There are 2 protein chains.
Amino acid sequence: MDLFHALSDEGGRLSSLEAKLAQFALENVDFVVNSSIIELAERAGVSPPTVTRFCRRLGCQGYSDFKVQLAKMAYIGLRYLKPEAPTATAEEVAHDIISKAQNALFEVHRQLDLAVIEKAAQMLRAADFIQAFGASGNSAMIVNELHNRLFRLGCHINASNDHNMNLMISAAAQPGTVIFGSSYTGRDMGLVHCLELLRQRAIPTIVMTQNGSPVATAADLVIAIEMPEGKNIFRPTSTRYAYLAAIDILANMVAYADRNRAFKSLRSIKEELVRNRDGDDRQLLGD
Amino acid sequence: MDLFHALSDEGGRLSSLEAKLAQFALENVDFVVNSSIIELAERAGVSPPTVTRFCRRLGCQGYSDFKVQLAKMAYIGLRYLKPEAPTATAEEVAHDIISKAQNALFEVHRQLDLAVIEKAAQMLRAADFIQAFGASGNSAMIVNELHNRLFRLGCHINASNDHNMNLMISAAAQPGTVIFGSSYTGRDMGLVHCLELLRQRAIPTIVMTQNGSPVATAADLVIAIEMPEGKNIFRPTSTRYAYLAAIDILANMVAYADRNRAFKSLRSIKEELVRNRDGDDRQLLGD
DNA sequence: CTACCAATGAAAATGAATTTCACTGGATCG
DNA sequence: CGATCCAGTGAAATTCATTTTCATTGGTAG
């Protein structure tokens, strides 16, 4: 299933020649994918049976299956291994940003604890009112997005990125309110203060952040996302894609938690939009 | 190279059995990818040699190569064909959202005209002031994101999603100002009015939208993005990922257009953040 | 009507992948 | 310290998948 991690050999389960093969495969995906077992064996300096055993140990059916899996994987997930080359041309920048974003999506899919997402969706669904806190541009985008997705479903939600305001909101929150917080780093101390206050007041909190961070510790339910950070300061982090996907999944689960309400709400928005625009039904909910 | 299009057989180059095979392959990628030529032949009701010939006609080396190509393709681009099955479990939702997002990234990478991006980057770089207009949640997110990326680079930029305000801003814009607009549908008539006004006033405009749409027609430079739309009303469109990636690439090109300025600006932001937070240098620019 | 050609499958031939088996070197146990 | 075992490995044999060859069919053009 997860060939990439098998190839990375974190558990050290591979023998020395197998590790050599793994490294060779990671570095020469294209070659491997287009070669016969004999060519690969020769090039990597091992015998064909060793290659077959290697494939089996990785959880594949055999060599052909390995090639297929590798080809599937090649598009995603692989580039983490390659050192971050400073890029300059538009082609390079585009390629780099796209593949990092895809990696981030791949990673978040692997990491997301769906049981936690479902729990969070239930809490949000059941809430009388949702307050979404996130600051600093990135998390602000995330909570705005949550607002954008949830108000359509008929949820009562407010998004805010003003720390002082958040503190007042936290102090005034009524039972029935659920607070959602986002922080990539988990070190948004303004958010931590709010969460502590909310815990004292027994208002339930959900956060999307790094596990083990101050924000995570201060919250009731943690949607944990850990992303490796790039080194290129000119480049925004690809973590945003991961968070955005997590929000999408969460919002979708909220919708499914009460399809009827969501459907009715979406439908009236749609009708109103169609009436007010040019009557073209193909349009999106939101531009 | 482009197996997907070959399989779609637009030119009708395939014989009847081959067309049958193509359809079967598109509908049963997983089966094909995991089967031998004999199993496939049997299941599709043809003989193995026909399968081999079919693979060759599609531009592959042979059957194994075909499987590899198909596996590569399967992750991307293919799901567009499948009717959108209503999904319900968290696993299905997560998988579907992630793969759609990855498809969107793949597509935008394929479509983006990098020459246009570079042109836009030059214009934004040279501008005294940038106004970014986008409404309806999705495009609002995009222009906020552009703001978030460009202010860091030392650009003077304002993002706005208030149509009346945008109209006033357009009427008041000075030479040296560049307007950036975003609209997924290209039918944001408020934006079109602004663009028309700006054209009269000879203020340069850049838009990110669908080619051929009213918004595109009314603008000077068009960053064209066309995304197929999903049918699931509960699901937000994956177009956001494509737009976000395009913004990332654009912002990065702006940064590279004047590295020194960008570096100095980023550096002072970073210093200030480090001073004001807990001195941990690993933190991001923005949370 | 005949000859040709494209499409197809059966059978043979090829060649790749896997299994078997034997060997090696290092670890373990008495 | 030596005997034994075992994991790891490759050579050779085997199996099996793939491809090629060739014959057949059905349709089409002259």
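Quick note on labels: first sequence line is chain A, next is B, and so on, each numbered from 1. Predicted model, so just to flag it, every value in this text is computed and none were measured.
The distance from the CZ atom of B/Phe31 to the CG atom of B/Leu40 is 6.5 Å, given to the nearest 0.5 Å.
Taking atom CD of residue A/Glu18 and atom P of nucleotide D/dG8, one finds them 7 Å apart after rounding to whole Å. Atom-to-atom, NZ of B/Lys20 to C1' of C/dA7 comes out at 13 Å; the value is rounded to the nearest Å. In this structure, A/Glu42 atom CD and D/dG10 atom P are separated by 13 Å, rounded to whole Å. Protein atom CZ of B/Phe54 is 12 Å distant from nucleotide atom P of C/dT8, rounded to whole Å. Summarising the geometry, the separation between CG on A/Leu40 and P on D/dG10 is reported as 12 Å, rounded to the nearest angstrom.
Heavy atoms of B/Val51 sit nowhere under 4.0 angstrom from any nucleic acid atom.
By the side-chain contact (heavy atoms from CB on, under 4.5 Å) test, B/Ala246 pairs with B/Leu112, B/Met208, B/Ile225, sequence neighbours left out. Under the rule for a side-chain hydrogen bond (donor to acceptor under 3.5 Å, both in side chains), A/Thr209 has no partner lying at least two apart in sequence or in another chain. Not counting sequence neighbours, the partners of B/Gln23 by the side-chain hydrogen bond (donor to acceptor under 3.5 Å, both in side chains) test are B/Glu27. Taking the ring pair (Phe, Tyr, Trp, His ring centres under 6.0 Å) definition, one finds that B/Tyr63 meets it with nothing, sequence neighbours left out.
With hydrogens and angles ignored, a donor-acceptor pair under 3.5 angstrom links the side chain of B/Arg53 to the base of C/dG9.
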Close N or O pairs between protein and nucleotides 23-28 of chain D (under 3.5 Å):
none

Atom pairs, N/O to N/O, protein against nucleotides 13-18 of chain D, distance under 3.5 Å?
{"from": "D/dT18", "atom 1": "OP2", "to": "B/Ile37", "atom 2": "N", "distance (Å)": "2.4"}

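Judged by the 6.0 Å and 45° rule, B/Arg43 forms no cation-pi pair with B/Phe24.
Listed candidates were C/dG9, D/dT9, C/dT19. Nearest to the side chain of A/Pro49 is C/dT19.
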List the atom pairs, with distances to 0.1 Å, where a side-chain N or O of residues 45-55 of chain A and a protein N or O form a donor-acceptor pair under 3.5 Å, not counting sequence neighbours.
{"from": "A/Ser47", "atom 1": "OG", "to": "A/Thr50", "atom 2": "OG1", "distance (Å)": "3.1"}

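Evaluation of the salt bridge (charged side-chain N to carboxylate O under 4.0 Å, His left out) test over residues 208-223 of chain A, restricted to residues two or more places apart or in two chains, returns A/Arg199-A/Asp220. Sorted by first and then second residue, the salt bridge (charged side-chain N to carboxylate O under 4.0 Å, His left out) pairs with a member in residues 16-25 of chain A read A/Glu18-A/Arg57; sequence neighbours excluded.
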